[in-house]
Amino acid sequence: MRTSAYLISTLKEAPSEAELASHRLMLRAGLIRRLASGIYTWMPLGLRIVRKVEAIVREEMNRAGAIELSMPVVQPAELWQESNRWQEYGPELLRFKDRHERDFVLQPTSEEVITEIARGELKSYRKLPMHLYQIQTKFRDERRPRFGIMRGREFVMKDGYSFHADFADLEREYRNMYDTYTRIFTRLGLAFRAVAADTGSIGGTGSHEFQVLADSGEDAIAFCPDSDYAANVELAEALAPAGGRAAPTQPMQKVPTPGKTTCEQVAELLGVPLAINVKAIALVAGEKFVLLLLRGDHSLNEIKAAKIPFLNQFRFATAAEIEQHMHCVPGYIGPVDVSGFKVVADRSVAALSDFVCGANDAGFHLTSVNWGRDLPEPDLVADIRNVTAGDPSPDGKGRLELCRGIEVGHIFQLRTKYSEKLKANFLDEKGASHPFEMGCYGIGITRIVAAAIEQGYDDRGAVFPAPIAPFEACIVPIGYHKSPAVKACADRLCADLIAAGVDALLDDRDERPGVMFADMELIGVPHRLVVSEKGLAAGTVEYKGRRDDTPSLIAQSEAVAAIRTRPASA
RNA sequence: CGGGGUGUAGCGCAGCCUGGUAGCGCGCCUGGUUUGGGACCAGGAUGUCGGAGGUUCAAAUCCUCUCACCCCGACCA
């Protein structure tokens, strides 16, 4: 490919809308252009990257035995009503009517349609197992799209669905996909980690997320450097402190803390560690008021809390509700001398002695509070907090560390959730009817492009792993339009590279070298060859990897081989 | 949905407070000089100043409403 015949639309300055590095660079490099909030055009250069990611995913999915198909983006409401997701999905599901006033949706995912396919086509156990996937445009009307393509409303996803006669076979395919995803992300050249994940509203028994490691990631990951434990913080279990509760040492005391409404302020005023302060969080679930207790240095894990049966679908209490039940303003509430509602203590709080909490009297806190002596034991002790760095690993093999990640893949064991709702059954060898055991497996194709940049960029631009770079190698001739020798050499090198299977780009624009260097670096081409009269005289060309500080001279005859043997800049 | 912010040429911005014929840099077009790290000179094109309404002799500028976009939070297979 020649730049003169291609569309390179780089910008010196990034549009002001972009904050995140990958978003700015994608705009500057001309990979994408925004059309509306969360909706982007993939420019030719960006599309090349998307296609390369797709190709690797497709190749590995096929190798793993999955079969590709393509389902409609526009789907009739009936199926969604049948699965009840027409009601459950909420405003993220974009709905509209056709000219006959019939309801339709733009697919955010395709469980309904694939299950419909399965119940029509997979009527016998003889056809199982079956894994069908598609690479298709998805639409989710995100409340707040952000970071460009990273959390867009329209995006491309690989979604696969597997059908099995029994759970054991689903587990086999789940492991197969775990291994396949590991291969895919390895081939893509990304640093990633598979982490145990919450199954969320989709239900099911097993779930792993594949997270690309990046400080800007939206997800927090807890992992143990001494073992293979890794989980999304949403899920990571916080163990009860070892050693249990110490005996009280002081009598309870009521102390004035005027104006100090946060644990941090109270701890500072009293000169005690934050970890012995207890914060009370008031919730309302259904009609019931509930008080949660956490250590001052811990934060509430709402997903864990929501798993407590009587906290299903909770919300935070309003200030008025707090005053009604606690007879005290927020900021000074606590669990001592309260009645009429349940008190749920985090495991770490239940293990405290001589702790500090609100006195249910504006401007006062209690010190040296002790369970059993100053207040009854909590109604429930549960794990309701986020783990923190240094917590013991749930597998007992060391201490947890935290890092951040970008979720690029997610695998689920759906079990029979959809097959039962949509009455998708097969007949076994005895003629008995059973709902399919199902798995589902997603990869965010377009998000991977942004994640790859988040993971590799410098002040000059993107640094793509070679397997997904828009071009693998570029040739920058100095004096292409002046020197017939330079032109001949550059043309020949480009042809040789392409013949050798290298996706090469020849920058034949009549630009100054600085412009060409800057553009090629901005779009993240991993390998660069510079052809100049100076070098030609010595029979050399100059090679520089995208991450290299300085170029090196190589013989012209070695150029193609050099690029083929250098794996990548990654 | 709550909070904050921004809309002026393709991109980045100034002008607005204090109303008086719309500007700068980059990019783009023409010609010339350049050619190893985003060149220089000369000339040129490009604007419903986000939209609607109002005040005024006069509105990018003041007022009201509205729309779009961005950031934080909440939310989210």
Side-chain angles (χ1 to χ4, degrees), chain A residues 8-20 23-24 27-30 33-40 83 85 88-93 107-112 138 140-148 151-153 155 157 159-161 197-204 207-209 218-219 232 234 300 302-303 306 313 315-316 407-414 417-418 438-444 447 459-461 476-483 486 507 509-522 528-535 541-542 544 550-551 553:
Chain A
I8 304 277
S9 36
T10 53
L11 297 171
K12 268 193 185 174
E13 288 172 291
S16 58
E17 67 196 42
E19 296 279 294
L20 198 66
H23 188 193
R24 296 174 61 85
L27 290 166
R28 278 195 57 209
R33 288 288 180 255
R34 189 180 66 79
L35 186 61
S37 179
I39 298 178
Y40 291 82
S83 72
R85 287 212 292 180
E88 289 169 358
Y89 212 100
E92 272 194 27
L93 179 63
Q107 59 140 2
T109 175
S110 277
E111 280 84 359
E112 281 78 4
K138 298 285 180 290
R140 295 183 193 172
D141 199 1
E142 292 275 351
R143 196 169 286 188
R144 181 149 99 79
R146 53 183 137 180
F147 309 141
R151 181 171 287 277
R153 290 194 290 175
F155 56 98
M157 187 181 196
D159 47 326
Y161 308 87
D198 186 67
T199 50
S201 60
I202 208 159
S207 172
H208 281 85
E209 290 167 350
E218 292 188 271
D219 290 319
N232 192 306
E234 292 177 348
L300 175 65
E302 297 183 32
I303 287 172
Q313 295 197 319
R315 62 175 172 80
F316 291 100
E407 182 190 343
V408 291
H410 204 160
I411 58 178
F412 285 97
Q413 293 172 3
L414 286 177
K417 177 173 170 169
Y418 289 91
M438 289 174 61
C440 87
Y441 318 91
I443 291 181
R447 182 181 278 182
D459 54 1
R460 292 175 172 180
V476 177
I478 311 288
Y480 187 85
H481 297 267
K482 285 282 165 60
S483 160
V486 167
D507 200 344
R509 294 175 296 178
D510 191 11
E511 289 284 357
R512 295 169 66 85
V515 173
M516 297 191 279
F517 292 153
D519 275 349
M520 294 302 110
E521 282 165 339
L522 178 57
R528 186 185 81 190
L529 291 172
V530 176
V531 178
S532 67
E533 290 217 295
K534 197 166 62 176
V541 294
E542 181 186 296
K544 185 173 172 298
T550 50
L553 290 176

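Only heavy atoms go into these numbers, but all of them, side chains included; no hydrogens, no water, no symmetry mates. Throughout, protein chains are lettered first and strands after them, A, B, ... in sequence-line order, and every chain is numbered starting at 1.
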Contact letters for nucleotides 5-11 of chain B, in which S counts primed atoms plus P, OP1 and OP2 and B counts the base, heavy atoms under 4.0 Å = ------S
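- Shown here are the side-chain hydrogen bond (donor to acceptor under 3.5 Å, both in side chains) partners of A/Thr10, two or more places apart in sequence or in another chain: A/Asp519.
- Among the heavy atoms of the strands, none lies under 4.0 Å from A/Arg315.
- At B/C71, one or more side-chain N or O atoms of A/Arg144 fall inside 4.0 Å of OP1 or OP2 (strictly under the cut-off).
- For A/Arg34 (side chain) and A/Gly148 (main-chain N/O), no donor-acceptor pair under 3.5 Å exists by modelled atom type.
- Backbone-only contact: A/Glu302 has heavy atoms under 4.0 Å from sugar-phosphate atoms and none from a base.
- Contacts of A/Thr109 with the nucleic acid, taken as non-hydrogen atoms under 4.0 Å apart, include base atoms.
- Taking atom C1' in both B/C28 and B/G12, the straight-line distance is 16 Å, to the nearest Å.
- Residue A/Tyr441 is out of contact with every strand shown, counting any heavy-atom pair closer than 4.0 Å.
- Between the CD atom of A/Glu17 and the C1' atom of B/C72 there is a distance of 17 Å, given to the nearest Å.
- Between B/U64 and B/C24, the distance separating the two C1' atoms is 32 Å to the nearest Å.
- In this structure, the CD atom of A/Glu112 is 14 Å from the P atom of B/A77, given to the nearest Å.
- A gap of 14 Å separates the C1' atoms of B/A14 and B/U61, to the nearest Å.
- A distance of about 15 Å separates the P atoms of B/C69 and B/C11, rounded to the whole Å.
- Comparing the same atom, C1', in B/C62 and in B/G25 gives a spacing of 30 Å after rounding to whole Å.
- Looking at the side chain of A/Phe412, the nearest of the listed nucleotides B/A77, B/C76, B/C1 is B/A77.
- B/U34 and B/C41 have their C1' atoms separated by 11 Å, with the value rounded to a whole Å.
- Of the nucleotides present, none pairs with B/G27 by Watson-Crick or G-U wobble criteria with both distances under 3.5 Å.
- Geometrically, A/Arg528 engages A/Phe517 in a cation-pi contact defined by less than 6.0 Å to the ring centre and at most 45° from the axis.
- Residue A/Arg28 has no polar side-chain atom (N or O) positioned under 4.0 Å from OP1 or OP2 of B/G38.
- Comparing the C1' positions of B/G36 and B/G4 gives an interatomic distance of 47 Å, to the nearest angstrom.
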Review item, nucleotides 27-37 of chain B N/O atoms under 3.5 Å of protein N/O:
from, atom 1, to, atom 2, distance (Å)
B/U34, O2, A/Arg512, NH1, 2.9
B/U35, O4, A/Lys482, NZ, 3.1
B/G36, O6, A/Ser532, OG, 2.4
B/G36, N1, A/Glu542, OE1, 2.8
B/G36, N2, A/Glu542, OE1, 2.6
B/G36, N2, A/Glu542, OE2, 2.7
B/G37, O6, A/Arg528, NH1, 2.9
B/G37, O6, A/Arg528, NH2, 3.1
B/G37, N1, A/Glu521, OE1, 3.2
B/G37, N1, A/Glu521, OE2, 3.2
B/G37, N2, A/Glu521, OE1, 2.3

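- Considering A/Val476, A/Val486, A/Ile478 in turn, A/Val486 is the only one that fulfils the side-chain contact (heavy atoms from CB on, under 4.5 Å) rule with A/Val531.
- Set against B/C1, B/G38, B/A77, the side chain of A/Met157 has B/A77 as its closest nucleotide.
- Taking the nucleotide of RNA chain B with the nearest heavy atom to each of A/Asp519 and A/Leu20, the more 5' of the two is matched to A/Asp519.
- Using atom P as the reference point in both B/G43 and B/G50, the two lie 31 Å apart (nearest Å).
- Looking at heavy-atom distances under 4.0 Å, A/Arg34 makes contact with sugar-phosphate atoms alone, never a base.
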